[in-house]
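Here the structure is laid out as structure tokens; the discussion comes afterwards.
Given the structure is predicted, the values throughout are model-derived calculations rather than measurements.
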Amino acid sequence: MKKRVFHTGLVVLLIGFAVSVSAQIVSAQTERGDVNGDGAINVLDAIQTVNIVLGTSPPPSNEELWAADCNGDGLANVLDVLGIVNVVLETSTCVSSCEELDCDDGNPCTEDYCDSLLVQCQHDPHDPGTPCDDDDPCTENDVCDNGICRGIPKDCEEGDLCTEDFCESNTGECRHTPRDCNDGDPCTDDSCNPLTGGCEHINTFDPCEEGDACIAITNGFLIDGTGAGPIANAIIIIEGEYIKYVGTGSSLEIPAGTEIIDVQGSYILPGFMNTHVHRGYVENNLREWARSGVTTVRDVGNSVNTPEEAFTIRDALLEDNRNARLVAAGPIVTTVGGYGSYPVTSPDDAEEVINWLIDVGADIIKIAIEDNLQGRTWPMLSMEEITRVVDTAHSRGKLVTAHISRSHQLDMAIQGGVDDVNHMVINYVPDELITSMIEDDMYWVPTLELWDGVSQMYNLNWDTVAKNNLRRFVQAGGKVALGTDYDGYTTPFDLGMPITEIQLMTEAGMTPIQIIVAGTKHAAHVCDLEDELGTIGPCKIADILIVNGNPLEDLEYLLDVRIVIHNGEIIRN
């Protein structure tokens, strides 16, 4: 900003004159004070009064007016008089000692200016702008409008898909405007509630009509995956690949033209998920999982194909609805010589690699935090590299899952901010780490089937330690997602419904409803699919498992499959 400093003598003279002028204005009657006849006593009247006293020129222009309004409040007061006198005497604008004061604080909704009397930055939402032409362009934040630079409303985007920020011209404040938050779900239109500023979902389904692909599942017990108890006489109406309505026989009228499937008292659940598998890119495996009611699997380590090849294979497999949905991490990211298959050499290299993996199609990111397992040792990623991986993935909207096996590795995963950890720790987990995980909302995928097989093979107690740690984690309120490490080691694994893992979770003290939630809602969360899958409700994708008995009484009923629906299509009946 330009230096606006006066000699002490001149300032003293002007202050004395200012007080006199101010007194004249204040003591005048309203009709006399409104010397310019605009119906209000304001800065223009004060300037005109000074002109009358001095016998000088008529009132200045609007640009001069705003220059004289030193405190930017749009009114005439003592603080403004010095600026008014300066304008009239054509000496300077606001008296100031704020030479080159940087008033730019990054607020996109206002123009900053320097208050010459208070000697500080102020926001001027009413700045009329400065003259501009081709030879004197506006700043990058302004636009030249009819010869005057004016502030442009800027996008103050703060991550809220439901709103766009703009500058309210009357107040100079950031405001939110509703926008279409369409998240790719044809079942809903998102909108912004102007009262709360929050996104809301609106069901846009039309009633089923004759000829529509609508299915109604009736006369079942609904276990919806939320953790709630079963609902008798449930009805689920499916249109296309989405669940349209959920209710009961007494509350929901089935639209005409709907195909009705009476399940005769069977139990209706969301499709299950296995969130830790390998060899997920094999079509026969995906079909067996889907037929068993495991309609989604998360492959967390492909070392057979390049990432580009793996994601191309995934996309092709997803085209066949008989295959379980495949969520793909690609390779396990590690350090040079570390446990895993895709090394990075530095934090900067880690950032580049993660961005590239996401660019070529990774659904999630998998890292290894491992230095000692079964007598084998490896170098590990540094904390800085782990943090850079997590920060980079999160900035791109992707979750990070980590391989661990011991408590000190879990501590690093917590510090690094990963979203879930794979494998229950096989040494004692301190209470403070459990507390930290719960506070950070970090999920655990125990893979008890792996530790059970390894313990039997090598006569170890890892299975017992793992179950005890899982029991303490769940009792403390920790969130568990179902996962087995299918075919990740040379021990036996269940292909299909992971009933061995489920039985081992029972031995660790988990209740049937906790295990069902782990295999549905919590599993959907770690797959980054919680908005689309994991529970049964309107606008969720219709992945549904119907079994002939009550799994809350005996989880073995999960093997007694009656119907499997995947993406709204019956693939087993």
Side-chain angles (χ1 to χ4, degrees), residues 223 225-229 267 269-277 289 292-298 300 401 403-405 410 420-426 428-429 434 437-438 442-456 460-489 491-527 534-535 545 547 549-560:
I223 303 174
T226 65
Y267 283 76
L269 303 97
F272 268 58
M273 303 182 184
N274 189 333
T275 66
H276 190 131
V277 307
W289 274 311
S292 75
V294 179
T295 53
T296 301
V297 296
R298 185 178 73 156
V300 289
T401 182
H403 162 102
I404 61 167
S405 64
L410 172 61
D420 69 89
V421 288
N422 288 258
H423 309 304
M424 183 51 60
V425 166
I426 52 175
Y428 180 78
V429 182
I434 290 177
M437 281 192 68
I438 294 171
M442 186 183 297
Y443 288 58
W444 212 327
V445 182
T447 68
L448 297 179
E449 188 175 18
L450 167 68
W451 295 141
D452 183 67
V454 171
S455 296
Q456 291 184 35
L460 300 169
N461 71 339
W462 291 357
D463 56 337
T464 301
V465 175
K467 283 186 285 189
N468 287 337
N469 284 332
L470 176 58
R471 178 179 290 105
R472 293 171 52 234
F473 180 67
V474 172
Q475 288 176 348
K479 294 177 181 177
V480 177
L482 179 65
T484 66
D485 202 2
Y486 170 82
D487 215 15
Y489 197 64
T491 56
F493 290 93
D494 293 331
L495 176 61
M497 180 61 66
I499 196 65
T500 299
E501 183 77 20
I502 288 169
Q503 292 166 340
L504 293 169
M505 293 167 84
T506 301
E507 293 176 15
M510 293 184 68
T511 66
I513 194 65
Q514 288 175 330
I515 293 171
I516 290 170
V517 170
T520 56
K521 181 181 179 180
H522 289 175
H525 176 88
V526 302
C527 290
T535 55
L545 167 64
V547 296
N550 184 359
L552 296 177
E553 294 179 355
D554 186 349
L555 286 164
E556 292 278 346
Y557 277 121
L558 294 173
L559 300 176
D560 191 3

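Inter-residue side-chain proximity for Leu410 and Trp444 is flagged as met; some heavy-atom pair is nearer than 4.5 Å. Two residues are said to be in side-chain contact when any heavy atoms from C-beta on lie closer than 4.5 Å; Tyr428 and Asn468 fail this criterion. Looking at Thr447 and Tyr489, their side chains never come closer than 4.5 Å, going by heavy atoms from C-beta outward. Two residues are said to be in side-chain contact when any heavy atoms from C-beta on lie closer than 4.5 Å; Glu501 and Asn274 fail this criterion. Taking the side chain as every heavy atom from C-beta outward, Leu545 and Tyr267 never approach each other to under 4.5 Å. Between Ile502 and Met497 the shortest side-chain heavy-atom distance falls below 4.5 Å. Residues Gln503 and Asp452 form no side-chain contact, since every pair of their non-hydrogen atoms from C-beta on lies 4.5 Å or further apart. When side chains are defined from C-beta on, Lys467 does not count as touching Pro446, because their heavy atoms never get closer than 4.5 Å.
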Please lay out, stage by stage, how Val429 and Met437 fare under the test side chain to side chain contact (heavy atoms under 4.5 Å, CB included).
-> CA-CA 11 Å; Val429 182; Met437 281 192 68; over 6 Å; no
Would you please test Thr520 and Phe272 for side chain to side chain contact (heavy atoms under 4.5 Å, CB included) and show each step?
-> CA-CA 5 Å; Thr520 56; Phe272 268 58; 4.0 Å; yes
Please report the C-alpha distance between His403 and Asn422 in whole Å, then the side-chain angles of each, then the deciding distance to 0.1 Å, and finally whether the side chain to side chain donor-acceptor pair (under 3.5 Å) criterion is met.
-> CA-CA 5 Å; His403 162 102; Asn422 288 258; over 6 Å; no
Could you walk me through whether Val297 and Tyr486 pass the side chain to side chain contact (heavy atoms under 4.5 Å, CB included) check?
-> CA-CA 10 Å; Val297 296; Tyr486 170 82; over 6 Å; no
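Taking the six-membered ring where tryptophan is involved, the planes of His522 and Tyr443 are perpendicular, since the angle between them exceeds 60° and thus also 30°.
Taking NE2 from His423 and CG from Asp485, the interatomic distance works out to 4.5 Å, rounded to the nearest 0.5 Å. Here the straight-line distance linking atom CG of Leu450 with atom CD1 of Ile426 works out to 9.0 Å at 0.5 Å rounding. Considering CD1 of Ile499 and CG of Leu558, their distance stands at 5.5 Å, rounded to 0.5 Å. Annotation: the span from Leu495 atom CG to Asp487 atom CG amounts to 8.5 Å, rounded to 0.5 Å. Interatomic distance, Leu470 CG to Trp451 CH2, rounded to the nearest 0.5 Å: 13.5 Å. The distance from atom CG of Leu555 to atom CG of Asn550, rounded to the nearest 0.5 Å, is 9.5 Å.
Using modelled atom types, no side-chain atom of Arg472 and backbone atom of Ile434 make a donor-acceptor pair closer than 3.5 Å. In this structure a side-chain-to-backbone donor-acceptor pair under 3.5 Å is missing from Arg298 to Ala524. Not a single donor-acceptor pair under 3.5 Å links the side chain of Asp463 to the backbone N or O of Ser455. Side chain of Thr275 to backbone of Leu482: a donor-acceptor contact under 3.5 angstrom is found.
When every heavy atom of Ala466 is checked against every heavy atom of Leu448, the shortest pair comes out as CB-CD2, 3.9 Å. Contact detail for Pro498 and Thr484: the closest heavy-atom pair is CB-CG2, 3.5 Å. Considering every non-hydrogen atom in both Met442 and Phe473, the closest pair reads O-CZ, 4.0 Å. Scanning all heavy atoms of the two residues, the minimum distance from Gly509 to Gln514 falls at O-OE1, 4.2 Å. Ala481 and Val526 get closest at one heavy-atom pair: CB-CG2, 3.9 Å. Nearest heavy-atom pair across Val547 and Pro551 is CG2-CD, 4.3 Å.
Residue Tyr557 qualifies as open at atom OH: its count of foreign heavy atoms under 6.0 Å is 12 or below.
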